[in-house]
Protein chains: 4
Amino acid sequence: MMVRKPKQQRAKVTVDTIIQAGFIAVSQSGIHGATTRQIAEISGIGVGSLYEYFENKEAIYQAMNQHFVNDIVDMLRKLTPNLVRLNLHDVVELLLNSFSDLLRRDGGIYLKYVRYSRYSPLIETALMEFAMRYAMHNPKFLRLENMATINYICITGGIFSVIRHLSTPTPNVTFDQLLEGLSRMTTSYFDAEFARLDHVEKPNL
Amino acid sequence: MMVRKPKQQRAKVTVDTIIQAGFIAVSQSGIHGATTRQIAEISGIGVGSLYEYFENKEAIYQAMNQHFVNDIVDMLRKLTPNLVRLNLHDVVELLLNSFSDLLRRDGGIYLKYVRYSRYSPLIETALMEFAMRYAMHNPKFLRLENMATINYICITGGIFSVIRHLSTPTPNVTFDQLLEGLSRMTTSYFDAEFARLDHVEKPNL
Amino acid sequence: MMVRKPKQQRAKVTVDTIIQAGFIAVSQSGIHGATTRQIAEISGIGVGSLYEYFENKEAIYQAMNQHFVNDIVDMLRKLTPNLVRLNLHDVVELLLNSFSDLLRRDGGIYLKYVRYSRYSPLIETALMEFAMRYAMHNPKFLRLENMATINYICITGGIFSVIRHLSTPTPNVTFDQLLEGLSRMTTSYFDAEFARLDHVEKPNL
Amino acid sequence: MMVRKPKQQRAKVTVDTIIQAGFIAVSQSGIHGATTRQIAEISGIGVGSLYEYFENKEAIYQAMNQHFVNDIVDMLRKLTPNLVRLNLHDVVELLLNSFSDLLRRDGGIYLKYVRYSRYSPLIETALMEFAMRYAMHNPKFLRLENMATINYICITGGIFSVIRHLSTPTPNVTFDQLLEGLSRMTTSYFDAEFARLDHVEKPNL
DNA sequence: TATGAATGAGAGTTCATTCAT
DNA sequence: TATGAATGAACTCTCATTCAT
């Protein structure tokens, strides 16, 4: 809901500056502690100028969410060519490590933000898309009929475990332990589903 | 916290009414959209009366959280005697079904609320306590050294998957599928860890 | 002002208790920091009961002022027989010492109160009345035609100097110095007026 | 104190307007009857704007007091060169006349205000400084050892008598009578102290 | 285009007063 | 008679939004 399309380069830069400032403000003061004044100050522009680029505060938050989702989707896109060649264990590890890096970059502004953000369906879509690509490179996965459920569980479980872990000041499990655990969980889950498949398909062998 | 101790039955009821109104208000307007006036209105009392029972708005939110956590912990306590006698698959199923029921009761006010609440360490503690009791009834679990990590993953994964599912208007996986999936995930994960344990302990057999 | 005439002894006692509590509350919280709740609490009675004896908060303050003024006037009445026999220097000293004692009794609740109270015309009247009595015992004062002005200055100056001094945490003049000063000021002022009188009456002597 | 430094002329004017409105509000409703809305209304600005210039209501009151004290001190500074050349009688007269003018200007808003203001130590300091300058121009005063006490009495007595007189609707002494009285009181007091000094210094002459 | 002073609705909170018990 | 829970008007203060410059 941009008031004015930022055709010029300068305008585009300003918009990005505001969005970045938004993340910083939210990470400093929480999503409802952050004020437009604060965002303007961090941006280095006047409060009034905020409204040249965004209709209102909510629009800034929407743009922030967009930005966040785009970053995740981009990351996923760039990773995909490598990921499809890896086994499940390494996929989970690389994926969650990358996700963790994303959340912690720039002083962890995304991490603070993510607690307030709604889990976007766009991320869902992107992950599903990736899962399809992976299955196409590793056709045995296509045999699983309950892929949707398995994905749902592994993706949700993986993402929230990582977010919660990074948000906990003194977790009693290390991040490496968590990652190894999630990798094992995923592989064993899939293995079990494959085994069940075999058992069903070839019951009398 | 409480300005006045609700000694009388009447006062106790009023306090509960306010807390309930708090959940309704939050579910209607979000945690920072909810106002003291709104809570008072829903409670059917005057604004001033709110402050007869609570020091400030924050104290209401704290009492709400307390209430929520107590409900979960109570549920867990009551379930424990039955749960310890069940196999892992059924434990997960019963636990998450009960959790789901809790979140959806009273028109799902807990479900709306839970998005804004912080995952309480008291819930964590209660779940860990349960895990210990279960392991004592099923001693083979005591052999697993990485119980902490496994618990972390299964608990976080289970809870957040259920919350997210209940919060999604039109999920593309049914709740029963989710539950069956989480049960399988948990059992297969534990089985894999046991297998790994056997492999390590008896490498040359 | 009183809602109900306190005919019974018990009621009279309660009224006094409330007034005392009022002074304590004001000395603790200032005149607009003091609340009806606070006064009720200090009185040891319920808030509602306050309104059995006083129409509203303002009425309590009025009664307090009345009480304060009465105490001063009573003090003055009791002192008068002795005072009229003393010379001016000792009159000032005894008067202000007694006034100071009154302000400081009961932990100085009157002293805190007096900062907020309005200088009552009743005190004025009482002091004027005393001045008249003194003049009748010491007829030479009757010759002064500008007695009103002199009284005004000496009384105002004396009272406010003492109040201000008692209210100053670390005054750079001792109370005894102040009293001696005020006594001298008064005597010298009167002496000068008498001298002026003589000079006018007997210009050529 | 000030949230924003009034660099621009416009802002400076607004700050002054608010302070003036504060005096008017206090003179209308008393210091705790005056509200931020009232001050804003009198200023002709919005409530929010108040907080652009002052951190809170208390800050406005502090600025008001500052303003008042500054006006008195300025008056005293400007008067000093003339005052030091006058005799005591005329000093008192000019000083108190000027003080009276200050209190009564702008419809007497200072006069109403002064009842609620605390007697500032800055005024004290300024008066003491003046007393020193006067003594240096009139060295005989330096011989008095109890100058502190005498000043205390004459200053307090003078100031409070004038304030009280101006605040009394129908005083039974005219202002001119009061001023003449205070002048005589001061001169006779000082004369008496000088006489005492001579008597002590030259006892056997 | 960019600004930030000005705005005022609305937030949380207080407290003199009432009235059912 | 005595109570204190309940009340709501009114307080101080905030902040998203506007608009004259």
Side-chain angles (χ1 to χ4, degrees), chain A residues 3-4 8 10-11 14 32-41 43-60, chain B residues 3-4 6-8 10-11 14 32-41 43-60, chain C residues 3-4 8 10-11 14 32-41 43-60, chain D residues 3-4 6-8 10-11 14 32-41 43-60:
Chain A
V3 168
R4 184 169 51 80
Q8 304 169 7
R10 208 154 70 94
T14 306
H32 66 276
T35 68
T36 48
R37 243 161 136 110
Q38 190 183 0
I39 294 173
E41 241 158 59
S43 306
I45 64 170
V47 233
S49 306
L50 241 45
Y51 290 82
E52 291 284 331
Y53 296 98
F54 294 95
E55 201 166 58
N56 51 33
K57 199 191 179 190
E58 182 54 28
I60 299 177
Chain B
V3 168
R4 182 153 47 78
K7 293 168 187 171
Q8 305 166 9
R10 180 124 161 283
T14 306
H32 65 276
T35 70
T36 49
R37 269 170 172 60
Q38 189 185 1
I39 295 173
E41 226 162 74
S43 305
I45 63 171
V47 232
S49 305
L50 240 47
Y51 291 85
E52 290 277 332
Y53 298 99
F54 296 95
E55 204 164 56
N56 51 34
K57 197 193 180 190
E58 181 56 27
I60 300 178
Chain C
V3 167
R4 182 168 53 80
Q8 304 170 7
R10 208 151 72 93
T14 306
H32 65 276
T35 67
T36 48
R37 243 160 136 111
Q38 190 184 0
I39 294 173
E41 241 159 58
S43 306
I45 63 170
V47 234
S49 306
L50 241 45
Y51 290 82
E52 292 285 330
Y53 297 97
F54 295 95
E55 202 166 57
N56 51 34
K57 199 191 180 189
E58 182 54 29
I60 299 177
Chain D
V3 168
R4 183 151 47 79
K7 294 167 187 172
Q8 304 167 9
R10 180 123 160 283
T14 305
H32 65 276
T35 69
T36 48
R37 266 180 175 48
Q38 190 185 1
I39 295 173
E41 227 160 72
S43 305
I45 62 170
V47 230
S49 305
L50 241 46
Y51 292 86
E52 290 279 331
Y53 297 100
F54 296 95
E55 204 164 54
N56 50 35
K57 197 191 178 188
E58 181 55 30
I60 300 177

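Chain identifiers are assigned alphabetically (A, B, ...) following the order of the sequence lines, protein sequences preceding nucleic acid strands; residue numbering begins at 1 within each chain.
- A distance of 10.5 Å separates NZ in Lys57(B) from CG in Leu50(B), rounded to the nearest 0.5 Å.
- Atom CD1 of Ile39(C) is separated from atom C1' of dC15(E) by 12 Å (rounded to the nearest Å).
- Of all non-hydrogen atoms in Gln38(A) and Ala34(A), the two that sit nearest each other are OE1-CA, 3.2 Å.
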Where protein sits on nucleotides 13-21 of chain F, one letter per nucleotide: B base, S sugar-phosphate only, - none, heavy atoms under 4.0 Å: BBBBBB---
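- Considering CD of Glu52(C) and CD1 of Ile45(C), their distance stands at 9.5 Å, rounded to 0.5 Å.
- Put simply, CD on Gln38(C) is 17 Å from P on dG4(F), counting in whole angstrom units.
- Taking both residues in full, the closest heavy atoms of Ile39(C) and Ser43(C) are given as O-OG, 2.6 Å, listed atom of the first, atom of the second, then distance.
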Dot-bracket line, read 5' to 3' along DNA chain F, where crossing pairs take [ ] and | marks a partner on another strand, Watson-Crick or G-U under 3.5 Å: .||||||||||||||||||||
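- Thr36(D) is listed as a side-chain neighbour of Tyr51(D), based on a closest heavy-atom distance under 4.5 Å.
- Whole-Å rounding puts the Glu41(C) CD to dT3(F) P distance at 13 Å.
- Backbone-only contact: Ile45(A) has heavy atoms under 4.0 Å from sugar-phosphate atoms and none from a base.
- To the nearest angstrom, P of dA6(E) lies 12 Å from CZ of Phe54(D).
- With rounding to whole Å, Tyr53(C) atom OH is found 8 Å from dT1(F) atom P.
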